[in-house]
Amino acid sequence: MADTTLPDVPEVKLMEGVYMTDFRRRPAAESTVGGAPTVLGTTGYIVDGNILLAEADRLRNSIQHLLRSNQELQSADPDDPDFQAAIRENQDVILNQTLQLKKIEEELKKIEDRERGSATKSSPADDGLYL
């Protein structure tokens, strides 16, 4: 019988109620994935920049489709109560996804600032005057 246990892969908390697990294989010594750092986020959970970027892209795409859907529903029949209910539901989802996107963008900014700060600190010019 084949081993069906999952590898020991950490679950990443992106925000309250949103978790992701990245099962892609990585070289053991690699501290970044595809150039995006893996760091301890402000929430105390490990944050993979690539996962956040992918989730931000997914949310932007979803918001764009929901907005287009609302326009199509409104132009199809502005008086249809079912269409109006669907538009209200879409607006609620758009609001929630926009808030999630904002949180992700804030976390990405923190990662970027942290990376920029660590790159600056490792510069020899910061250690004193060299002639």
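Side chains included, hydrogens not; waters and symmetry mates left out as well; all remaining heavy atoms used.
Heavy atoms only, all atoms of each residue included: I104 and A56 are closest at CG2-CB, 4.0 Å. Between D80 and D82 the shortest heavy-atom distance is OD1-N, 2.7 Å.
Between K103 and E107 no salt bridge is recorded (no basic side-chain N to carboxylate O distance below 4.0 Å). Using a 4.0 Å cut-off between charged nitrogen and carboxylate oxygen, E105 and K109 do not count as a salt-bridge pair.
For S75 (side chain) and Q71 (main-chain N/O), a donor-acceptor pair under 3.5 Å exists by modelled atom type. No donor-acceptor pair closer than 3.5 Å links the side chain of S69 to the backbone N or O of H65.
To the nearest 0.5 Å, atoms CD (Q91) and OG1 (T98) are separated by 11.5 Å. How far CD1 of I94 is from CG of L99: 12.0 Å, rounded to the nearest 0.5 Å. Within the model, atoms CG of L101 and CG of D57 stand 9.5 Å from one another, a figure rounded to the nearest 0.5 Å. Summarising the geometry, atom CG belonging to L53 is positioned 14.0 Å from atom CZ belonging to R58; distances are rounded to the nearest 0.5 Å.
At a cut-off of 3.5 Å, with distance as the only test, a side-chain donor of Q74 or Q84 sits close to an acceptor on the other residue.
The closest side-chain heavy-atom distance from L52 to I111 is below 4.5 Å. At a threshold of 4.5 Å between non-hydrogen side-chain atoms, the residues Q97 and L66 count as touching.
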Next item on the list: Please report the C-alpha distance between N90 and L73 in whole Å, then the side-chain angles of each, then the deciding distance to 0.1 Å, and finally whether the side chain to side chain contact (heavy atoms under 4.5 Å, CB included) criterion is met.
Entry: CA-CA 11 Å; N90 285 352; L73 288 168; 4.3 Å; yes
So V93 and I63, side chain to side chain contact (heavy atoms under 4.5 Å, CB included) or not? Walk me through it.
CA-CA 8 Å; V93 173; I63 291 168; over 6 Å; no
Let me see the working for K110 and E106 under salt bridge (Lys or Arg N to Asp or Glu O under 4.0 Å), right down to the final yes or no. CA-CA 6 Å; K110 290 174 188 173; E106 289 171 358; 5.4 Å; no
